[in-house]
Asks: 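Pasting in a structure now, in structure tokens, and then I'll have a few things to ask.
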Amino acid sequence: MRNFLQLSDLENDEIKNLINEALAYKNKKISLPCFNKSVALIFLEASTRTKVSFELAALRSGNHVINLDAITSSLTKGETMQDTLDTLGNLEVSIAIIRSSDELYYQDIDTSKIKIINAGDGTNGHPSQSLLDLVTIYEHFNTFDKKVLIMGDIKHSRVARSNINIMARLGLSVDVYAPEIFKTDEEFNYITDLDNNLENYDVIMLLRNQLERHEDSYNIQDVYLEKYGLSKSRLEKLSSDAIIMHPGPFNRNVELDEVVLKDKRNKIDQQVTNGLYARIAILNYVLGE
Ligand code: CP
């Protein structure tokens, strides 16, 4: 058994194998694994897609699932994450799937008793989302020789941070667009002219405005769509062969006009479905031989 902490910890071939494996599960080319282990979900931040799809992935691959409720667990009595994980390990739970608002929460954890799957750590990483995004792009284009624009709240986005470097490593060309307040000092390929460049991209990846991490002073929700989002007029500028992605949950008529949801280039639903199969592949990576 091993941990799954960041996608960048894996070799390119390992990532490509996970992508192909997820698609093979989805297309019923291979049967699902069966582990008969116990898996704990510890979500200390809100989630629908990641939590439910990891739970389904664990169940479909023959595991027992324990949902550790953060409020009623002994974490609220001051028990440390290390002691909580050791307790679960003593109960023969094999994996803890953890979402936390603390960046790199796993860094100082001893995982000799139980392995960790990182389901999101603050603004730092969201490796299972990155994998399902890669699955979705590869499923559509069957190549990574494509141009991606990631646009939105880069500053607070673990999805962007997980995706940018790994996409470049796999051969995708990645540009980034963000309002000034959401830019960071990281060395990303920022573009400044959104409207005159949109037609050049094969993949438009929108990001959620991470309101729960914002300072009050931002206060730009009302003007966001027309100034920075995928508005109706920008939708018309996209290539007819492009695909549109968003990790969800989206803020309707903020990051995207709701007409985008009916556009045939929208892949948001497929991303959610691919999340299930990508997470079965991740469980196999952690639990498999
Ligand atoms: N994309 C994503 O992580 O969604 P949830 O917060 O609903 O899990």
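Computation of the quantities below employed the complete heavy-atom set of this structure, encompassing side-chain atoms and omitting hydrogens, waters and symmetry-equivalent molecules. Being a predicted model, the structure only gives us computed values, none of them experimental. Atoms within each ligand, like the ligands themselves, are counted from 1 in listed order.
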Asks: Would you indicate which of Gly120, Ser47, Gly248, Ala119 comes nearest to atom 8 (O) of ligand 1 when only heavy atoms are counted?
Replies: Ser47
Asks: What's the shortest distance from atom 6 (O) of ligand 1 to any protein heavy atom, and which residue and atom give it?
Replies: Arg99 NH1, 2.9 Å
Asks: Counting only N and O atoms by type, is there a donor-acceptor contact under 3.5 Å from the side chain of Asn284 to the main-chain atoms of Ile280?
Replies: no
Asks: Using a 4.0 Å cut-off to any heavy atom of Pro247, which atoms of ligand 1 qualify?
Replies: 1 (N)
Asks: Say whether Asp133 and Gln129, considering side chains only, have a donor N or O and an acceptor N or O under 3.5 Å apart.
Replies: yes
Asks: Within 45° of the ring axis of Phe4 and under 6.0 Å from its six-membered ring centre, is that where the NZ or CZ of Lys115 lies?
Replies: no
Asks: Checking the side chain of Asn209 only, and the main-chain atoms of Gln221 only, is there a donor and an acceptor separated by less than 3.5 Å?
Replies: no
Asks: Report yes if the distance between the aromatic ring centroids of Phe144 and Tyr138 is under 6.0 Å, otherwise no.
Replies: yes
Asks: Taking only heavy atoms of Thr48 into account, list the atoms of ligand 1 that are under 4.0 Å away from them.
Replies: 5 (P), 7 (O), 8 (O)
Asks: Are any of the N or O atoms of Pro249 closer than 3.5 Å to those of ligand 1?
Replies: no
Asks: Should you measure from each heavy atom of His126, which atoms of ligand 1 turn up under 4.0 Å away?
Replies: 2 (C), 3 (O)
